[in-house]
Amino acid sequence: MTGLCIYGVGALLFWPAAVKRSFGGFCGATFIIGTGLGSLESAANPYLAVCGPPKYADMRLNLAQAVQAVGVVVGPVLASQVFFKNLGANDLQSVQWVYLGIAIFVFTLAVVFFFAPIPEITDADMERQAQIMAGNKATEGGVSTPEEREIKPITSQWPLFWAVGAQFCYVGAQVAVAGYFVNYVTEVRKGTTNSMGANFLAIAQGCFAIGRFLGAGVMKYIVPRKVLLMFFSGIILFQALAVGLRGNAGLAMMNLVLFSESICFPTMFTLGIKGLGRHTKRGATFIVSSIIGGAVVPPLLGVAADRFNDTGRAMIVPLAFFVAGWSYPIAVNVLPALRTVVDDYSGRGNTDQKVEGAQ
C-alpha cells in the first residue's frame, strides 16, 4: 500500500508540472513514481513468491509479470492512438488528465488492499517455511540445506549476492538492447524508418510477452533452474548472432533475444530468494535494487555505437553483460550448494542427484 500511495502522489504531481510546463517538475514526478514502483515491486514480488505452494512460486511470478509484459505492448499503442493522438507540441492537457486518472486508480487500489482480508507474511513465517521445506535433510560434502543457510546472517548469503550481481548485468543488458533496438534495426535493415523500427520493437515486445506465458507453462514440467538456463543460453546465442548479422536475419535474432529474455528476471528473482527464511524481504529488496544496471549499461552501449559508428557491432557490449549474468543460471544448475537449495525449497527435491538418506 505504501508503494501504491507513493506512486499515486507522483502521478498527481504531473498535473502542476504540466500547468507550469516545468521539466524539473516532470523529472521529480517521474522519480517519485519510480520510487513507488520500486517499493511496490520489493513488496509484491516476494509476497507472490511465498504466498502459495513453493513448488509453483516461479510460475506464479512469471505469470504475473507476463501480464505486465502485455501492458508493455498495449500501453504505448493506447498512448499514441488514444490518449495523446492529435496533440500539438505544447498541448499537455491530455497528459494532465491521463495521470490524474492513473492517480485515482492507484489510490483506489490502495484502499481496496487496505480493506481486503489479505494475510500479512512476517519474517517468522518465512523462516518457518524455509525450515519446513528443508526437512532437516542431510547433505553430502557440507552442502547447506535451506534451514542451515537461513540461520546465517544476510551478509553471508553468497548465493543471494550472486543473484544480485547477475540480475544487475542482465537488467542492464536488457534495457540497453530495448533502448537501442530501433537504432539497431534502422542501421542493419536498409530502408527501415524510425516509425517502422518502433513497430518492429512492438512486435519484439510481443515475443517477450509470449515467452513469459510459454516459460511459465514449461515450468510445470521442468524445474525452473533448467528452464532459466535454456532461455538464458538462447539470449547468448541470439545476441552473438545479432552482432554480426544484418538485414532481416539481424532483426529476427533481436526478436529471439527478447523472447529469450522473457522469464529471466522473475525466475532469477525467485531462485535468488529461495531458502532465505527471515532474510527473504531484505534479499528481495537487494535483487530489486539491482535493476540500477539499467542506468549503467545503456550509456556504455551508446559510447560503443559512437565509437564504432555501428550499433550492430556495439551490441557486443550488452552481450558481455549477458555473459556475466549467464554465470548464475550455470551455477544454479552445476554447483550442488545452489542446486540443492533451490530444488529442496521448491519442494521438488534435487532432480539431478538424490542425496543419500533424503526423504
Residues Ala216 and Met59: closest non-hydrogen pair is O-CG, 3.4 Å

ask   = Just by modelled atom types, is the Met315 backbone N or O under 3.5 Å from a matching donor or acceptor in the Gln239 side chain?
value = yes

Of all heavy-atom pairs linking Phe107 and Gly8, the shortest is CZ-C, 3.5 Å

Check: Does Asp310 come within less than 4.0 Å of Arg246, counting only side-chain N to carboxylate O?
Finding: yes

Any sub-3.5 Å donor-acceptor pair from Tyr184's side-chain atoms to Ala242's backbone N or O? yes

Looking only at heavy atoms, the pair that brings Trp162 and Leu335 closest together is CZ3-CD1, 3.7 Å

Point to revise | Parallel, tilted or perpendicular, as decided by the 30° and 60° cut-offs, for the rings of Phe14 and Tyr99 | key: parallel

Next item on the list: Mark yes or no for whether Gln174, through its side chain, and Glu261, through its backbone, hold a donor-acceptor pair below 3.5 Å.
Entry: no

Q) Between the side chains of Arg189 and Asn248, is a donor N or O closer than 3.5 angstrom to an acceptor N or O? A) yes

Heavy-atom neighbours of Leu237 CG exceed 12 at 6.0 Å
yes

- Query: Would you say the side-chain atoms of Arg225 and Asn333 include a donor-acceptor pair closer than 3.5 Å?
  - Reply: yes

#### Entry: Under 3.5 Å: donor-acceptor pair, side chain of Asn255, backbone of Leu251
yes

Indicate, with yes or no, if the rings of Phe181 and Phe200 have centres closer together than 6.0 Å.
no

d(Phe322 CZ, Ser327 OG) to nearest 0.5 Å is 13.5 Å

### Message
Checking Asp58 against Thr267: is there a side-chain donor and acceptor pair closer than 3.5 Å?
### Response
no

Of all heavy-atom pairs linking Gly325 and Ala166, the shortest is O-CB, 3.7 Å

Between Ala163 and Met268, the two heavy atoms sitting closest are CB-O, 4.4 Å

message: Could you check whether atom CZ of Phe308 has more than 12 heavy atoms from other residues, nucleotides or ligands sitting under 6.0 Å from it?
response: yes

